[in-house]
Amino acid sequence: MLVNDILQYFQENFSQYLIYVYQHLGLSIQAIGISCLIAIPLGYISHKHRKLSQMITLSSQALRIIPSLAVLFLLISFIGVGRAPALIALVLLGIPPILVNTTVGFLEVPAVMIETGKGLGMTDWELLKRVKIPMAFPFVMTGVKLALVEIISSATLATYIGAGGLGTLIFTGLGLNRMDLLLIGGVSVAMIAFTTSIFLDYIIKRSIN
């Protein structure tokens, strides 16, 4: 019976389902992109200044303590409902793991490699491009992977404020007591997060080998 309900949903609403997937992916990709633009430069800057590093790390960890749903409802008071508050909440969720891992990645670059590069006459820019970034890259990408999986999972909450996505299916299923919608929405989000994690793991392994 449940399988028949799921098949019937796809037969009758497949185009709408694709819209939900598109909304979910679009919001997640935009959020991770903005998170990277903010967190990676901050991570690089903070690794050069230990006090700044500690302050930024503590601030980023504090952000992780605040539930995404609480941030969403807080932003509604200032911005209203829709895509914007959902995007801000997801960016705040995505920054901490990228920031922390970027800082650690640059701190883990062996001093001997930097000294060797300087001995070969490399400029600061060349050291950054040829030594620091390649060696820090796996750490940075690990942070991106953690952030993106969290963002994809938490983007289901965007439905609460009218930003669409696969959360629409999940919360509709809860409201109507329809297990088929719950399964379709939940499994879809899980599969997207799992596929993303596997893909980024592959990139990380290729960067190390």
Linked, directly or transitively: [X] and [Y] (ILVMFWY side chains, under 4.5 Å):
X	Y	result
L27	F171	yes
F14	L2	yes
F199	V189	yes

Quick one: closest heavy-atom pair of [X] and [Y], and the distance?
X	Y	value
A31	V91	O-CG2, 3.7 Å
N101	P97	ND2-O, 2.7 Å
V144	C36	CG2-SG, 3.8 Å
T172	T168	OG1-O, 2.5 Å

Interatomic spacing from [atom1] in [X] to [atom2] in [Y] - rounded to 0.5 Å:
X	Y	atom1	atom2	result
T196	I151	OG1	CD1	11.0 Å
L169	I184	CG	CD1	6.5 Å
L181	L174	CG	CG	10.0 Å
I152	L25	CD1	CG	7.0 Å
Y20	L166	OH	CG	9.5 Å
I45	I40	CD1	CD1	12.5 Å

Could you give the side-chain donor-acceptor pairs of residues 129-143 under 3.5 Å, partners two or more places apart or in another chain?
unit_1: T142; atom_1: OG1; unit_2: P138; atom_2: O; d: 2.8

Practice item. Give a yes or no on whether the backbone of V149 and the side-chain of S153 come within a donor-acceptor separation of less than 3.5 Å. Key: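 Yes: the side chain of S153 pairs with the backbone of V149.
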**Study point:** Sidechain-backbone polar pair: T195 side chain, I192 backbone, donor-acceptor under 3.5 Å
**Key:**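 Checking the backbone N and O of I192 against the side chain of T195, no donor-acceptor pair under 3.5 Å is found.
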**Study point:** Pairwise side-chain contact, L90 with I34, heavy-atom cut-off 4.5 Å (strictly under)
**Key:** no
Revision key, fill the gap. Residues pairing under side-chain hydrogen bond (donor to acceptor under 3.5 Å, both in side chains) where one sits in residues 22-43, two or more places apart or in two chains, turn out to be Q30-R83
Point to revise | Pair listing, side-chain hydrogen bond (donor to acceptor under 3.5 Å, both in side chains) test, anchored in residues 174-185, at least two apart | key: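 Only R178-D180 qualify under side-chain hydrogen bond (donor to acceptor under 3.5 Å, both in side chains).
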Exercise for review: Before giving the answer on side chain to side chain donor-acceptor pair (under 3.5 Å), spell out for Y17 and S188 the whole-Å C-alpha distance, their side-chain angles and the decisive distance to 0.1 Å.
Suggested key: CA-CA 10 Å; Y17 170 78; S188 297; 2.7 Å; yes
Which atom pairs, one a donor and one an acceptor, fall under 3.5 Å between side chains of residues 106-124 and the rest of the protein, sequence neighbours left out?
unit_1: T116; atom_1: OG1; unit_2: V112; atom_2: O; d: 2.7
unit_1: T123; atom_1: OG1; unit_2: E126; atom_2: N; d: 3.2

Check your understanding: Rest of the hydrophobic cluster containing L7 (Ile/Leu/Val/Met/Phe/Trp/Tyr, side-chain heavy atoms under 4.5 Å)?
Key ->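 Via sub-4.5 Å side-chain contacts, L7 links to V3.
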Practice item. Using distance alone, with no hydrogens and no angle criterion, decide if Y44 and T103 have a side-chain donor and acceptor under 3.5 Å apart. Key: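 No, no side-chain donor-acceptor pair sits under 3.5 Å.
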Check your understanding: Tell me the salt bridge (Lys or Arg N to Asp or Glu O under 4.0 Å) pairs involving residues 84-94, sequence neighbours left out?
Key ->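 Not a single pair qualifies under salt bridge (Lys or Arg N to Asp or Glu O under 4.0 Å).
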